[in-house]
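Worksheet for the structure shown next.
Order of the sequence lines sets the chain letters (A, B, ...), proteins ahead of strands, with each chain counted from 1.
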Amino acid sequence: MSAPAAPASEVRLTLPDGSVRTYGAGVTAGRVAADIGPGLAKAAMAARFEGTLIDLDRPLTRSGRLAIVTRKDEADALELIRHDCAHLLAQAVQALFPGTQVTIGPVIEDGFYYDFARNEPFSVEDFEAIEAKMRALVDADLPTRREVWDRDAAIAHFEKLGESYKAEIIADLPAGEDISVYFHGDWHDLCRGPHLPSTKHIGKAFKLTKLAGAYWRGDARNAQLQRIYGTAWREEKELAAYLHRIEEAEKRDHRRIGREMDLFHFQEEAQGSVFWHPKGYVLWRQLEAYIRRRQDEDGYVEVKTPQLLASKFWEQSGHWSKFRENMFVVPDEIPSTEEGAPLVTGQGQMMALKPMNCPAHVQIFKQGIKSYRDLPIRMSEFGCCHRNEAHGALHGLMRVRQMTQDDAHIFCRDDQVTDETLRFLRLFARVYGDFGLTDISYRLATRPEVRAGSDDVWDRAEASLARALDAAGLSYAIAEGEGAFYGPKLEFHLTDAIGRSWQCGTFQLDYVLPERLDVTYVGEDGQRHRPVMLHRAVFGTFERFAGLLIEHFAGRFPLWLAPVQVAVATITSDADSYAQALSGRLRAAGLRVETDLRNEKITYKVREHSLAKTPILLVVGRKEAAEGTVSLRRLGSPDQEVLASEAAIAQITREAAPPDRAA
RNA sequence: GCCGGCGUAGCUCAGGGGUAGAGCAACUGAUUCGUAAUCAGUAGGUCCGGAGUUCAAAUCUCCGCGCCGGCACCA
C-alpha cells in the first residue's frame with residue numbers, strides 16, 4: 001500500500017450533485033451527512049469515498065468524491081446489511097455457545113454465511129434461539145467502533161482467546177495491511193470492514209436458512225467447520241419476496257417435474273443412473289436427432305466406440321493414473337458360480353468402463369495413415385460414459401454416474417485451430433439460440449499449476465481461445481488455473497432453477513494426448529506431424545442439458561420437444577369416433593398425440609391436460625364432429641380457436657417443426 | 001467422501017410405545033356434460049433395511065442404505 005500523501009489541512013469533498021464542501025482534514029462522512037441534514041444523518045449507513053465503501057466515522061484526509069450511502073442505495077445497502085448480519089450471527093452464536101471459534105463470514109448472493117469451529121454440532125433447531133439473540137442485539141443498538149491493532153499483539157490477543165483460526169488469518173494477512181478490529185458493543189472481530197454505525201441499522205429482515213459442513217480454507221484435508229447460511233434484506237417485504245421466489249423456483253426443479261410429467265426416475269440399485277420413461281425419452285430423442293442434424297451439416301462424422309476397455313489402454317491414455325478414482329473397473333473373468341467360492345480370483349486383467357471417449361477416437365484416427373489433406377476430421381460420438389462420482393456429488397440429472405455426451409474430437413493442424421474454434425462457437429450459438437438459452441456464462445480456464453506442455457504452447461493456446469471469444473463478441477470470465485492439465489478450455493455454463501451454475505458445453509485445446517498416444521499425420525512436406533486435438537461438446541451431456549431445459553421451460557416445452565404435443569379431448573361420447581379418426585390423422589402427420597375419451601366433463605379434461613403441460617388441446621364435441629372442425633386451445637391461454645380439422649393439422653405440423661427445419 | 005436434515009399409500013403429508021390415517025391419484029358404479037376439479041363407493045402399507053431395548057416398536061437405541069441442502073471433487 002502506498003503511503004498516503006501528507007494530510008492537507010483542508011479537504012474538498014465533491015458530492016454526487018456536484019456541490020463541493022470544504023472541511024478541515026480528518027472530517028468524517030458522518031459529520032458531512034449531519035451537515036447536509038438530520039434526515040440524511042439518520043439514514044446514513046456508510047459512505048463511498050472515491051468509489052470505495054468506507055465507514056461513516058473514518059477520517060477523510062484528502063480531497064475527493066464523497067457519497068453518503070443509505071438504504072436507498074440497493075447494492076451497497078444490501079452488501080452492508082449482509083456483512084453486518086454475518087457479524088451479528090457470529091456475535092449471537094458466541095453468546096449462546098461459548099467456546100465456539102469464529103473464522104470467516106462473507107457476503108454471498110442473496111445473503112451471507114459464517115463458518116464456526118465447535119466440537120458439538122449445531123442443529124437447525126438452534127436457529128430459532130440464534131435468530132432471537134440476533135434480534136435482541138439489533139434492539140440493543142450496539143455502536144460500531146473500529147480499532148487498528150499491531151499485528152503481533154493481535155495474533156497474541158486472539159490466541160489467548162482461543163481463536164486460533166483468527167490468529168492464523170491475521171498471520172497470513174499481507175505485510176503492511178492494517179489489522180483492523182471491529183467492536184459491536186463488547187463483542188469484536190477481526191474484519192476489513194466497513195460496517196454500519198450500529199446494530200440497529202441492520203434491521204430485522206433476515207433469516208437463517210441452512211446448516212452445512214465446510215472445510216477450513218476450502219481444503220478437504222483441513223478440519224471441517226460448521227457453516228450457517230442466512231439471507232438478509234433491507235425490509236421484511238424484500239425478505240418475503242425472496243422466500244417466495246425460492247419457493248417458486250423449487251416448483252421448476254427438474255426432479256419434481258420429472259416425476260410429475262413422468263419423464264424419468266432414479267432408484268437406489270442404480271444410483272446416479274437414469275431410468276428414462278417413454279415421455280422423457282421423447283425429449284432425449286428429439287435432442288439427439290436435432291444435434292445430429294446440426295453436426296452433420298457442420299461437417300462432423302459420427303462413430304461408436306467400445307464401453308469396456310482393458311486397463312492397459314487407460315494406462316496409455318493417462319487415465320489410469322490421473323482419473324482412476326473416477327472409473328468403474330471390471331475384472332475380465334468369468335465369475336465363479338460355486339457356492340462359497342470367491343466371485344473372481346483377481347487373476348484376470350482389469351477392464352474399465354470408459355469415462356471419456358477421446359482415447360477411443362484416437363484409435364479410429366490412427367487406423368491407416370492420415371494426410372494433411374484429411375484434416376480437419378471432426379469425429380463425433382453420442383458416447384455413453386461412466387464416472388464413479390462421489391455419492392455426495394450426485395444431483396438429479398445434473399450430476400450422474402452414467403452420462404451420454406454429445407462429444408466430438410476435432411483433429412486438425414495448428415493453422416486450423418482458430419478457424420475450428422470460431423466454427424464451434426458459431427455452432428454453439430446457433431444451438432443455444434434454438435433453445436432460447438440466453439443466460440450463458442463464458443469462462444476461459446487457463447493453465448493449472450500441474451500441467452503438461454511448455455509455456456510457449458500454453459501462451460499460444462490461451463491466446464488463441466481468447467482471440468476466438470473476442471472475435472465472437474463474447475464477454476467471459478477468466479478461471480485462473482482451472483484448465484485441464486493438457487490444455488486450456490472454454491466453459492459454457494447454464495444456471496438451474498435455484499441459481500446453481502452448471503457447465504454444459506465445453507471446448508478444449510489438447511496438445512498432450514496426441515503426443516501421448518503418438519498420433520500423427522503426414523504433412524505437405526512428407527514428414528510426420530502431430531495434429532492438435534480439440535475436445536468439444538455442445539450440450540455437454542444429454543442428462544444435464546435435459547435437466548436444465550426442463551427447468552428453463554418449467555416443463556412447458558416448445559412444441560417440437562413436448563413429450564405429448566396434442567391432446568384430443570371429447571365433450572361427449574358421441575364424438576368418440578370423430579376424435580379417434582382425428583388423432584389418427586395427427587399421428588399420421590408425425591405428431592405425438594393422446595386421445596382422451598374418458599367419461600369426464602370437459603372442464604376436468606382441460607384442467608388435467610393443462611396440468612400435464614400439453615401444449616395443444618383439441619376439444620371436439622357434437623358440433624365439431626358434425627362440421628369437421630376442432631376447437632384449439634393452447635397451454636396457458638383460455639382462448640379458443642375453431643378451425644377446420646385439415647387446417648388445424650397443417651398448422652400444428654408446421655409449428656411442431658424443430659428450429660433447424662422451421663420454414 | 002465429509003457436515004446437517006429427512007425417509008409412513010403412486011404423490012403431498014399427519015401420527016411419535018398399545019388394531020396405521022387424510023387429501024389427491026388409482027379402481028368400480030352412476031352421470032353424456034361446451035373449455036382449469038360431477039357424485040357415490042372400493043381397494044391400496046415390510047411405516048427405508050438390519051439388530052437391540054420392551055409384555056408390546058412406525059414410534060426409543062445402535063448400525064447400515066438412500067434422498068435433500070451445503071462442502072470437497074468434477075467433466
OP1 or OP2 of [N] less than 4.0 angstrom from a side-chain nitrogen or oxygen of [X], does that happen here?
| X | N | value |
| --- | --- | --- |
| A:R622 | B:C33 | yes |
| A:Q640 | B:U35 | no |
| A:R633 | B:G34 | no |
| A:R500 | B:C74 | no |
| A:H391 | B:G66 | yes |
| A:R255 | B:C68 | yes |
| A:R259 | B:U12 | yes |
| A:T603 | B:U38 | yes |

Distance check needed: [N] [atom2] versus [X] [atom1], whole Å only.
| X | N | atom1 | atom2 | answer |
| --- | --- | --- | --- | --- |
| A:H265 | B:C67 | NE2 | P | 12 Å |
| A:R227 | B:C71 | CZ | C1' | 7 Å |
| A:Q508 | B:A75 | CD | P | 8 Å |
| A:H535 | B:A75 | NE2 | P | 12 Å |
| A:D596 | B:G34 | CG | P | 16 Å |
| A:K322 | B:A75 | NZ | C1' | 16 Å |
| A:L611 | B:A37 | CG | C1' | 9 Å |
| A:D253 | B:C67 | CG | C1' | 12 Å |

Over all strands shown, is [X] touching base, sugar-phosphate only, or nothing at heavy-atom distances under 4.0 angstrom?
| X | answer |
| --- | --- |
| A:K623 | base |
| A:G218 | sugar-phosphate |
| A:A214 | sugar-phosphate |
| A:E600 | base |
| A:E608 | nothing |
| A:K210 | sugar-phosphate |
| A:H395 | sugar-phosphate |

Q.
Checking the side chain of A:E491 only, and the main-chain atoms of A:L444 only, is there a donor and an acceptor separated by less than 3.5 Å?
A.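 Checked: no pair found.
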**Q.** Positive for side chain to side chain contact (heavy atoms under 4.5 Å, CB included) with A:Q405, one of A:N357, A:T506, A:V538
**A.**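 With A:Q405 as partner, A:N357, A:T506, A:V538 yield a single side chain to side chain contact (heavy atoms under 4.5 Å, CB included), made by A:N357.
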[N] - base-pair partner by Watson-Crick or wobble geometry, distances under 3.5 Å:
| N | result |
| --- | --- |
| B:A30 | B:U38 |
| B:U61 | B:A51 |
| B:C24 | B:G10 |
| B:G45 | none |
| B:G69 | B:C3 |

Does [X] make a cation-pi contact with [Y], if we ask for NZ or CZ under 6.0 Å from the ring centre and within 45° of the axis?
| X | Y | result |
| --- | --- | --- |
| A:R221 | A:W216 | no |
| A:R536 | A:F507 | no |
| A:R118 | A:F122 | yes |

Q: Scan residues 567-576 of chain A against RNA chain B and write down, sorted by residue number, each residue with any heavy atom closer than 4.0 Å; if none is found, say none.
A: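 The answer is A:I571, A:T572, A:S573.
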Q.
With side-chain hydrogen bond (donor to acceptor under 3.5 Å, both in side chains) as the test, pick out the partner of A:R378 among A:E420, A:H409, A:E302.
A.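 Filter result, single survivor: A:E420.
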Q: Tell whether A:Y229 reaches the base of B:G4 with its side chain through a donor-acceptor pair below 3.5 angstrom.
A: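 Looking at the base of B:G4, it does not pair with any donor or acceptor on the side chain of A:Y229 (distance under 3.5 Å).
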Q. B:G34 base to A:E624 side chain: any donor-acceptor pair below 3.5 Å?
A.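 Yes, a donor-acceptor pair under 3.5 Å.
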**Q.** Separation between the C1' atoms of B:A57 and B:A20, rounded to whole Å
**A.**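 Approximately 13 Å lies between the C1' atom of B:A57 and that of B:A20.
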Q.
Can you confirm if the aromatic rings of A:F264 and A:H277 lie within a centre distance of less than 6.0 Å?
A.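 Ring centroids of A:H277 and A:F264 are no less than 6.0 Å from each other.
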